[in-house]
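To start, the structure under review is shown below, and the notes come after it.
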There are 2 protein chains.
Amino acid sequence: MAIPETKAPIRVLVVEDHHVVRQGLVALLNVVEGVQVVGEAADGVEAIAQFRKHLPNITLIDLRLPRLTGVEVIQRIRMETPQARFIVLTTYDGDEDIFRALQAGARAYLLKGMTTEELIATIRTVHAGRSHIPPAIAERLAERMGTEELTPREFDVLEQIVHGKSNKEIATELEISEATVKTHINSLLGKLCVTDRTQAATAALQRGIVTLESLRKPKP
Amino acid sequence: MAIPETKAPIRVLVVEDHHVVRQGLVALLNVVEGVQVVGEAADGVEAIAQFRKHLPNITLIDLRLPRLTGVEVIQRIRMETPQARFIVLTTYDGDEDIFRALQAGARAYLLKGMTTEELIATIRTVHAGRSHIPPAIAERLAERMGTEELTPREFDVLEQIVHGKSNKEIATELEISEATVKTHINSLLGKLCVTDRTQAATAALQRGIVTLESLRKPKP
DNA sequence: ATTGTTGTCCATCATTGGGTGGAGACTGGG
DNA sequence: CCCAGTCTCCACCCAATGATGGACAACAAT
């Protein structure tokens, strides 16, 4: 071998649905000394299959995936392989997903705008058993920590609000009285630290509690 | 040469701020017969410089860029080189940007989730002087066509609404009476085909009239 | 100049929305 | 068992919102 004395390479699985991005990651990683891409997956189900097949040291995973979300994939894999290490890689997304991913056991969270050096450094850091959260993400996490969890009902109402429903419509939809809707709104306004439904809607979108995509297709 | 009788390759400039994605595009394109990446740029200003330097046949460009937006880049380049051909490549973004990009002279609009084949096919199509708009995009464009343009003042008000301001606050901010704010709201509600401010806010975000990012940082 | 159009502005009125207090159901610990 | 805590539900009150109608100025077109 030309390489004098290297350790075993870090075996990486890349999970990402965007072809271009996946290609980019693989191309970047495969020229790096000590890192080896052992598998690729374009959706959640495939990700789990590939993981079982290759048992990689590190799984680089996007949160927005077809079939299963990244968070679900992390949860399921950790169920059977608790020592699995994940680096979440996403364009932007809401705070909610970041939070969930870290709770599910992701060790690092990177934005797609990062430099190659950051990516490599993070892979090595996580492989060494440590975590890495960029300052920008940490800041948003901190904000989130202060806020309380929404109850299921409050979540239902918030979802309707984001979809532009009036209190009366929400009441009909959820089969409760309009007064009750107002109560839920009142308490979720408090939890989201906002003062009216419009702010609640934008806050929900910012945090990823509801996604912009879900607005296009009316729900069945 | 090993290749028997090829035409001159299509010379492509890649403009994209996400390192990973840019790498992916370059890696993908450079293995394609008849396509040659002649330059890369990570922001709007660099894009214009690289364009002048290389005069590519096709410019593959993201809309969300530092320094100058993709739309601005397209406009400026077409000012001096009207025959320049652009393929807009973006993750998702709002309808507004799609519309503006096409108006500015982009010939095609692709989502980053596309297959390699689609990308290559589109490059060839555009290089041959034709356009290519995927059905999903075309649909959204069609929706947009029916809607009227907002007046500057209406736009101001809408922006404030998305930022969660009350009518009174908007009135103070814009130095007009609250009644006037209501008038503007009323007419912009009509133009956006919605019935209240919350729907207006989400519609504005969907269409990219206002972006989620701009919500985080309070404007100066 | 005059007509038409469009954008900005304002006032009044009915409706909606948010604030407050409080009742019954259900949970987990002591 | 009983208590504290939480979730869900509802009614009443007043402020904010949206609908309507109309005044005024700027501008284009003939």
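Quick note on labels: first sequence line is chain A, next is B, and so on, each numbered from 1.
- Between A:K191 atom NZ and D:dT6 atom P the separation is 9 Å, expressed in whole Å.
- With the end axes of the helix from C:dA1-D:dT30 to C:dG30-D:dC1 each set by five pairs, the angle from one to the other reads 40° at 10° resolution.
- Of the candidates A:T202, A:D196, A:T198, B:T198 forms a side-chain hydrogen bond (donor to acceptor under 3.5 Å, both in side chains) with just one, namely A:T198.
- Here the P atom of nucleotide D:dA15 and the CG atom of B:N167 are 16 Å apart, to the nearest Å.
- In this entry the distance linking CG of B:L188 with C1' of C:dG7 reads 14 Å, nearest Å.
- For the side-chain contact (heavy atoms from CB on, under 4.5 Å) test with A:E40, the passing option among A:R22, A:Q50, A:E16 is A:R22; the others fail.
- Rounded to whole angstrom, the span from the NE2 atom of B:H184 across to the C1' atom of C:dT8 amounts to 5 Å.
- When heavy atoms are screened at a 4.0 angstrom cut-off, A:T180 is found touching base atoms of the nucleic acid.
- Map B:A179 and A:T198 each onto its nearest nucleotide of DNA chain C; the residue landing nearer the 5' end is B:A179.
- The CD-P distance, from A:E149 to D:dC7, rounds to 10 Å in whole Å.
- The side chain of B:L189 sits closest to D:dG18 out of C:dG21, D:dA16, D:dG18.
- Taking all atoms of both residues into account, the shortest heavy-atom contact from A:A101 to A:L63 is CB-CD2, 4.0 Å.
- Here side-chain hydrogen bond (donor to acceptor under 3.5 Å, both in side chains) pairs that include residues 73-84 of chain B, with residues two or more places apart or in two chains, are B:R52-B:E80.
- With rounding to whole Å, A:L174 atom CG is found 13 Å from D:dC9 atom C1'.
- Backbone-only contact: B:S166 has heavy atoms under 4.0 Å from sugar-phosphate atoms and none from a base.
- Inter-residue side-chain proximity for A:I87 and A:R107 is flagged as unmet; no heavy-atom pair is nearer than 4.5 Å.
- The NZ atom of A:K182 sits 11 Å away from the C1' atom of D:dC14 (whole-angstrom rounding).
- For the OP1/OP2 pair of C:dT8 and a distance below 4.0 Å, the side-chain nitrogens and oxygens of B:T151 include at least one atom meeting the criterion.
- If you take CG of B:D156 and P of C:dC9, they are 9 Å apart, rounded to a whole angstrom.
- Considering only the side chain of B:N186, D:dG18 comes nearest among C:dT8, C:dT16, D:dG18.
- Looking at the side chain of A:P152, the nearest of the listed nucleotides D:dT8, C:dT20, D:dG18 is D:dT8.
- The nearest heavy atom of DNA chain C to A:R197 and to B:T183 marks one nucleotide each, and the one closer to the 5' end goes with B:T183.
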### Query
Are B:H54 and B:R11 close enough, and set up right, to give a side chain to side chain contact (heavy atoms under 4.5 Å, CB included), and what steps lead you there?
CA-CA 9 Å; B:H54 298 292; B:R11 303 170 62 255; 4.2 Å; yes
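- When all heavy atoms of A:I170 and A:I161 are compared, the pair lying nearest together is CD1-CG1, 3.9 Å.
- Counting only heavy atoms from C-beta on, B:D196 has its side chain closest to D:dG18 among C:dG18, D:dG18, D:dT8.
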